[in-house]
Amino acid sequence: MAAPSHHALLPFLSSTASPRTAPSAGRRRLLRCAAAAGQAGFFTRLGRLIKEKAKSDVDKLFSGFSKTRESLSVVDELLTYWNLADTDRVLDDLEEALLVSDFGPKISFRIVDTLRDEIRDGKLKSGPEIKASLKRCILQLLTSKGSNTELQLGFRKPAVIMIVGVNGGGKTTSLGKLAYRFKNEGVKVLMAAGDTFRAAARDQLEIWAERTGSEIVIDNDKKAQAPSVLSQAVKRGKREGFDVVLCDTSGRLHTNYGLMEELVSCKKVIAKALPGAPNEILLVLDGTTGLNMLQQAREFNDVVGITGFILTKLDGTARGGCVVSVVDELGIPVKFVGIGEGVEDLQPFDAEAFVEAIFP
């Protein structure tokens with residue numbers, strides 16, 4: 001099906017003034033207000049649309065967490081023949097299963113203590129009731145601290161999204177897959193090749209730009225610094241009416257403070273080029289590292305202020321509990337999860353679908 005025209009998606013772009021008559025000052029103010037309201041409405045609808053489409057594709061999420069689900073299948077075995085006399089043994093084994101799946105000690109202990117109290121108070125009287133309470137506990141952890149999983153794209157174009165992370169986490173690939181999702185909704189996307197350290201990064205992003213039909217800003221002389229490239233991209237995005245500017249950055253270890261400070265410079269030049277930007281700063285974390293990602297997340301958040309996480313490679317690990325750990329520890333929402341190699345396998349995160357995927 002052909003993508004809707006850009007003007008059909010963005011009705012505020014169409015001209016309302018007569019070509020022969022210059023609008024009055026009051027009329028111009030009304031037009032500016034209408035345009036701003038239209039842009040705000042567009043970005044709000046876009047964020048919700050991407051999220052709603054994730055809910056309609058729960059099968060993909062279900063298959064993506066198969067290894068974590070297999071690791072946690074012991075929970076069903078423990079609860080099938082549960083009886084009150086075996087409570088302590090069953091809960092100890094349940095706690096171990098949560099720890100193995102990288103829910104982390106604090107969360108695992110908290111969940112098991114809650115279940116123990118509810119069993120003691122007579123609120124839970126069967127294995128299925130215990131499992132239902134377990135799922136409620138995990139869902140509450142995700143929604144109480146990381147409920148704002150929709151992309152927050154602001155109220156005017158272009159919306160600017162910075163993608164940051166360590167080497168090898170999947171930053172550039174995640175950016176490309178995010179561009180693919182946007183383009184499928186008829187969004188005009190501009191990419192910024194801000195990874196100026198890795199020789200292959202620009203080539204990789206150019207391939208993604210061609211694959212998704214996006215425009216791209218690169219350092220033509222191959223000597224430009226990342227802040228310069230990102231500044232050029234945001235200015236072009238504003239000048240040429242792009243809807244979204246996706247800014248790639250160089251991968252860096254969170255312990256390299258010099259490179260971490262460069263992220264601060266990138267953020268500052270973006271804000272200078274477009275006050276209020278970037279709208280989102282998304283940290284890409286490799287899900288196979290499990291709880292080790294927490295220190296990375298803390299350091300990046302302290303330096304640049306993370307607004308959301310993209311957790312990648314979760315299809316290749318049984319450590320899916322790290323999703324809950326990172327939200328609980330930092331109070332920052334997971335926005336997307338990578339659950340496969342395909343271009344459509346970067347899925348908007350939905351807490352309810354996640355819980356059902358690991359505890360069917």
Sequence neighbours left out, what passes ring pair (Phe, Tyr, Trp, His ring centres under 6.0 Å) with Phe65? Give chain and number order.
-> Phe354

Could you tell me whether Gln140 atom CD has more than 12 heavy atoms of other residues or ligands within 6.0 Å of it?
-> no

Locate the shortest heavy-atom distance separating Ala226 from Thr196; write the atom from each residue and the value.
-> N-OG1, 3.7 Å

Would you say Ser73's side chain and Glu70's backbone share a donor-acceptor pair under 3.5 angstrom?
-> yes

Salt bridge between Lys188 and Glu215, side-chain N to carboxylate O under 4.0 Å?
-> no

Backbone of Glu129 reached by a side-chain donor or acceptor of Ser133 within 3.5 Å | no

After noting the C-alpha distance and the side-chain angles of Thr212 and Val189, does the key distance pass the side-chain contact (heavy atoms from CB on, under 4.5 Å) rule?
-> CA-CA 9 Å; Thr212 61; Val189 176; over 6 Å; no

Heavy-atom pair with the smallest gap, counting every atom of Gly287 and Met293 = CA-CE, 3.8 Å

How about Phe155 and Asn279: do any of their side-chain heavy atoms sit closer than 4.5 Å?
-> no

For Lys106, does the NZ atom sit with more than 12 other heavy atoms under 6.0 Å from it, leaving out its own atoms?
-> yes

Side-chain heavy-atom pair Arg181, Gln347 within 4.5 angstrom cut-off | yes

Tell me, do Val326 and Leu285 make a side-chain contact under 4.5 Å, heavy atoms counted?
-> yes

Check against side-chain contact (heavy atoms from CB on, under 4.5 Å), Val324 and Leu142 = CA-CA 6 Å; Val324 186; Leu142 288 169; 4.2 Å; yes

Heavy-atom closest pair (Ala273 atom, Val234 atom, distance to 0.1 Å) is CB-CG1, 3.8 Å

Shared hydrophobic cluster, Ile207 / Ile218 (ILVMFWY, side-chain heavy atoms < 4.5 Å) = no

What one should report as the nearest heavy-atom pair of Ser174 and Leu346 is O-CD2, 3.6 Å

Determine whether Phe336 and Thr312 make a side-chain contact, defined as any pair of heavy atoms from C-beta on separated by less than 4.5 Å.
-> no

Anything under 3.5 Å between a donor and an acceptor, one on a side chain of residues 87-95, the other on a protein residue two or more places apart or in another chain? List them.
unit_1, atom_1, unit_2, atom_2, d
Thr87, OG1, Trp82, NE1, 3.4
Thr87, OG1, Leu84, O, 2.8

Please test Phe359 against Arg69 for side-chain contact (heavy atoms from CB on, under 4.5 Å), starting from the C-alpha separation and ending with a verdict.
-> CA-CA 7 Å; Phe359 291 112; Arg69 184 168 59 255; over 6 Å; no

Begin from the C-alpha positions of Asp113 and Arg116 and carry the test salt bridge (charged side-chain N to carboxylate O under 4.0 Å, His left out) through to its verdict.
-> CA-CA 5 Å; Asp113 284 346; Arg116 182 176 283 110; 3.4 Å; yes

Go through the steps for Thr173 and Gln204 under the test side-chain contact (heavy atoms from CB on, under 4.5 Å), then give the verdict.
-> CA-CA 8 Å; Thr173 299; Gln204 185 182 358; 3.3 Å; yes

Linking I/L/V/M/F/W/Y whenever any side-chain heavy atoms sit under 4.5 Å apart, do Val100 and Val112 land together?
-> no

Between atom CD1 of Ile306 and atom CD1 of Ile332, what is the distance when rounded to the nearest 0.5 Å?
-> 6.5 Å

So with a 6.0 Å cut-off around NZ of Lys238, is the heavy-atom count from everything else above 12?
-> no

Hey, does Ile130 have a side-chain heavy atom less than 4.5 Å from the side chain of Leu115?
-> yes

Charged N to carboxylate O under 4.0 angstrom, Glu280 versus Lys335?
-> yes

Distance-only, no hydrogens or angles: does the Ser101 side chain make a donor-acceptor pair with backbone N or O of Gly321 under 3.5 Å?
-> no

Is Ser71 reaching over with its side chain to a backbone N or O of Lys67, donor-acceptor style, under 3.5 angstrom?
-> no

Can any side-chain N or O of Ser231 pair as donor or acceptor with the backbone N or O of Pro227 at less than 3.5 Å?
-> no

In this structure, CG of Leu72 is separated from CG of Leu78 (nearest 0.5 Å) by 10.5 Å

CD of Glu96: more than 12 outside heavy atoms within 6.0 angstrom?
-> no

Ser250 side, atom OG; Gln225 side, atom CD - distance, nearest 0.5 Å = 9.0 Å

For the atom pair CH2 (Trp208) and CD1 (Ile216), what is the distance rounded to the nearest 0.5 Å?
-> 12.5 Å

Taking NZ, NE, NH1 and NH2 as the nitrogens, is one of them in Lys177 or Glu344 under 4.0 Å from a carboxylate oxygen of the other?
-> no

With the side chain counted from C-beta on, respond yes when Ile119 and Lys125 share a heavy-atom pair under 4.5 Å apart, and no when they do not.
-> no

Is it true that Phe109 and Ile107 fall in one hydrophobic cluster, defined by side-chain heavy atoms closer than 4.5 Å?
-> no

Do Asp286 side-chain atoms and Thr288 backbone N/O form a donor-acceptor pair below 3.5 Å?
-> yes

Should Leu291 and Leu330 be counted in the same cluster of Ile, Leu, Val, Met, Phe, Trp and Tyr side chains packed under 4.5 Å apart?
-> yes

Under 4.5 Å between any side-chain heavy atoms of Gln152 and Thr307, yes or no?
-> no

Only residue of Val164, Ile163, Ile270 satisfying side chain to side chain contact (heavy atoms under 4.5 Å, CB included) with Ile281 is Val164

In short, Val74 meets Ala97 closest at the heavy-atom pair CG1-CB, 3.6 Å

Atom pair CZ/CG of Phe103 and Asp328 - distance to nearest 0.5 Å | 11.5 Å

Between Lys131 and Pro360, is there a donor-acceptor pair closer than 3.5 Å when you use the side chain of the first and the backbone of the second?
-> yes

Quick one: SG on Cys322 to CG on Leu294, what's the gap to the nearest 0.5 Å?
-> 8.5 Å

So, Thr68 side chain and Gly320 main chain: donor-acceptor pair closer than 3.5 Å or not?
-> yes

If you take all heavy atoms of Ala193 and Val229, which pair is closest and at what distance?
-> O-CG1, 3.6 Å

Could you tell me whether the side chain of Asp195 reaches within less than 4.5 Å of the side chain of Leu205, counting heavy atoms only?
-> no

Any ion pair linking Glu329 and Arg298 (charged N to carboxylate O, less than 4.0 Å)?
-> yes

Could you go through the side chain to side chain donor-acceptor pair (under 3.5 Å) check for Gln232 and Ser228 one step at a time?
-> CA-CA 6 Å; Gln232 291 176 42; Ser228 174; 3.2 Å; yes

Pair Asp248 + Arg202, salt bridge at N-O below 4.0 Å = no

